[in-house]
Amino acid sequence: MYYLFDGSYTGYLTCVFESFAQKEHGAVPLTTDDFREGLFRESRQIVSQPEKAGRVYRGLQKKLGSSGALDFFRAFLSEDRRAWRSSFRIIRRVFDEGAEILSDYGDDDVLYFAQTLKKVSRERHRMKAFIRFQKSSDGLFLAVIEPDFNVLPLISDFFRKRYADQPWLIFDVKRAYGLLYDTRSVSEVRLTSEEREALSSPGTVVSLDENDAHFQQLWKLYYKSTNIESRRNMKLHLQHVPRRYWKYLPEK
């Protein structure tokens, strides 16, 4: 049985709740967009219900603690459908068998879940290191990113605390949404297709602060001056700073 949901984490946890309520142990969560009709493919439409999702999440917190429960949200942000299926089966087993199953790395689901968490965590750390802001003429600091995974929810608190006294917008062009901080709170923003296309080339559409170009030049000079050419190791460098991030790094 395929459970079709709206792609949100609330909808995903609602699927977990319904699989227990309907006693459909072999249920598979799938977004409505991903589903393809087939002769032998039974499906059920699952409507996101915060109260049901909340019961599942609170149950995970009781079983695993706050950090352990949050791991399933982190795995969900990978957008990896295999990770979604593995997490779904693991959640059911946590409720049926207990938290000990998460230590069983001989289980394919548990191993893939752990590997997914590692990849998402690595991308989160990279975004903290690689995000570069440009200051617009109206005082807003803008950063455009394109991470492998949907890590914006995982870095929001970091940047809110680090740049608490300045307004900023971090926009994920791959997923067409961003986080806007107005020095009081962080809110989610979504742009039209025209605005997203314009934002992908911010230098041509955003009026930059007159000092921004000078600061970028200083940063490039600093980067160049600290580079020791005789000790250059491009292979190692690419391991830490993959080439796909370069287009958003002024020093590159």
Side-chain angles (χ1 to χ4, degrees), residues 1-127 147-155 172 174-175 177:
M1 174 66 70
Y2 288 94
Y3 279 8
L4 309 184
F5 70 107
D6 60 5
S8 69
Y9 192 57
T10 298
Y12 181 80
L13 293 184
T14 304
C15 290
V16 175
F17 183 95
E18 291 297 336
S19 71
F20 280 104
Q22 301 296 331
K23 295 182 172 58
E24 293 176 329
H25 304 294
V28 177
L30 200 65
T31 67
T32 304
D33 291 339
D34 288 341
F35 182 69
R36 297 293 180 269
E37 294 286 352
L39 185 62
F40 301 106
R41 303 185 76 180
E42 290 186 89
S43 64
R44 186 191 307 280
Q45 195 72 43
I46 304 296
V47 178
S48 295
Q49 299 187 50
E51 63 276 10
K52 292 181 178 179
R55 287 179 61 180
V56 173
Y57 191 72
R58 289 191 294 274
L60 286 173
Q61 287 180 313
K62 290 180 181 178
K63 292 280 188 178
L64 306 173
S66 296
S67 181
L70 192 59
D71 279 344
F72 289 97
F73 178 57
R74 297 186 180 106
F76 182 80
L77 293 177
S78 71
E79 303 171 325
D80 181 338
R81 275 36 177 180
R82 179 182 171 185
W84 287 7
R85 294 191 295 271
S86 292
S87 297
F88 191 86
R89 290 189 288 264
I90 291 172
I91 291 173
R92 285 194 53 95
R93 290 183 61 193
V94 164
F95 284 119
D96 289 338
E97 305 170 31
E100 295 76 15
I101 67 156
L102 288 170
S103 301
D104 181 13
Y105 294 106
D107 182 274
D108 288 342
D109 285 333
V110 175
L111 178 61
Y112 196 77
F113 176 71
Q115 291 171 336
T116 301
L117 285 179
K118 185 176 181 179
K119 289 188 288 186
V120 172
S121 178
R122 182 168 60 241
E123 190 74 349
R124 174 174 62 93
H125 284 297
R126 283 174 172 169
M127 285 300 102
D148 288 346
F149 310 118
N150 182 20
V151 295
L152 268 184
L154 303 180
I155 63 175
D172 184 341
K174 185 175 182 179
R175 293 162 188 86
Y177 85 102

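Along the sequence shown, the residues carry numbers beginning at 1. This one's a predicted model, so the numbers in the text were calculated from it and none came from an experiment.
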| request: Step by step, work out the side chain to side chain contact (heavy atoms under 4.5 Å, CB included) result for Tyr3 and Thr14. | output: CA-CA 10 Å; Tyr3 279 8; Thr14 304; over 6 Å; no

| note | Between Thr31 and Gly7, the two heavy atoms sitting closest are CG2-CA, 3.8 Å

| query | For Asp108, does the CG atom sit with more than 12 other heavy atoms under 6.0 Å from it, leaving out its own atoms? | reply | no

| task | May I ask you to decide if Ala114's main-chain N or O and Tyr105's side chain share a donor-acceptor pair within less than 3.5 Å? | result | no

| query | Is the shortest distance from a Lys or Arg side-chain nitrogen in Glu79 or Arg175 to a carboxylate oxygen in the other one below 4.0 Å? | reply | yes

| Quick one: do the Asp34 and Tyr2 side chains pair a donor with an acceptor below 3.5 Å? | no

| Which atom of Glu123 lies closest to which atom of Pro147, heavy atoms considered | OE2-CA, 3.3 Å

| query | For Phe17, is the NZ or CZ atom of Arg55 found under 6.0 angstrom from the centre of its six-membered ring and inside 45 degrees of the ring axis? | reply | no

| request: Report yes or no: do Ser8 and Asp6 form a side-chain donor-acceptor pair below 3.5 Å? | output: yes

| How far apart are the closest heavy atoms of Ala69 and Tyr9, and which atoms are they? | O-OH, 4.3 Å

| task | Please determine if Arg126 and Asp148 form a salt bridge, counting it only when a charged side-chain N lies under 4.0 Å from a carboxylate O. | result | no

| field | Atom pair CD1 (Ile91) and OH (Tyr12), whose distance is rounded to the nearest 0.5 Å | value | 5.0 Å

| So which heavy atom on Glu51 is nearest to which on Arg58, and how close? | O-NH2, 4.3 Å

| said: In the structure I gave you, are the side-chain heavy atoms of Arg44 and Glu24 within less than 4.5 Å of one another anywhere? | reply: yes

| Arg92 side chain reached by Phe20 side chain, heavy atoms, under 4.5 Å | yes

| query | If you measure from OG1 on Thr116 to NZ on Lys119, what distance do you get to the nearest 0.5 Å? | reply | 5.0 Å

| Any side-chain heavy-atom pair from Asp104 and Glu100 closer than 4.5 angstrom? | no

| message | Keeping Ser78 on the side-chain end and Ala75 on the backbone end, is there a donor-acceptor pair under 3.5 Å? | response | yes

| query | How far apart are the C-alpha atoms of Ser67 and Arg74, what are their side-chain angles, what is the distance that settles it, and do they pass the side chain to side chain contact (heavy atoms under 4.5 Å, CB included) test? | reply | CA-CA 10 Å; Ser67 181; Arg74 297 186 180 106; 4.3 Å; yes

| query | Charged N to carboxylate O below 4.0 Å: is that the case for Asp96 and Arg93? | reply | no

| request: Report yes if some heavy atom in the side chain of Asp80 is under 4.5 Å from a heavy atom in the side chain of Tyr112; otherwise report no. | output: yes

| request: Could you give me the CA-CA distance, side-chain angles and deciding distance for Leu64 and Asp71, then say whether side chain to side chain contact (heavy atoms under 4.5 Å, CB included) is met? | output: CA-CA 10 Å; Leu64 306 173; Asp71 279 344; over 6 Å; no

| request: Could you walk me through whether Val94 and Ile101 pass side chain to side chain contact (heavy atoms under 4.5 Å, CB included), step by step? | output: CA-CA 7 Å; Val94 164; Ile101 67 156; 4.0 Å; yes

| Looking only at atom types and distance, does a side-chain atom of Tyr57 sit under 3.5 Å from a main-chain N or O of Thr10, one as donor and one as acceptor? | no

| request: Identify the heavy atoms of Phe95 and Gly59 that sit nearest to each other, and give their distance. | output: CE2-C, 3.6 Å

| field | Centroid-centroid under 6.0 Å between Phe113 and Phe72 rings | value | yes

| request: Supply the atom-to-atom distance Trp84 CH2 to Leu30 CG, rounded to the nearest 0.5 angstrom. | output: 8.5 Å

| query | Do Ser121 side-chain atoms and Lys118 backbone N/O form a donor-acceptor pair below 3.5 Å? | reply | no

| message | I need the Gln45 CD to Phe35 CZ distance, nearest 0.5 Å. | response | 9.5 Å

| task | Side-chain contact test, heavy atoms from C-beta onward, threshold under 4.5 Å: evaluate it for Pro29 versus Phe5 and give yes or no. | result | yes

| field | Euclidean distance, Arg81 CZ relative to Arg85 CZ, rounded to 0.5 Å | value | 9.5 Å

| remark: Nearest heavy-atom approach of Asp109 to Ile90 is O-CD1, 3.5 Å

| query | In Å, rounded to the nearest 0.5 Å, how long is the span from CD of Gln22 to SG of Cys15? | reply | 11.5 Å

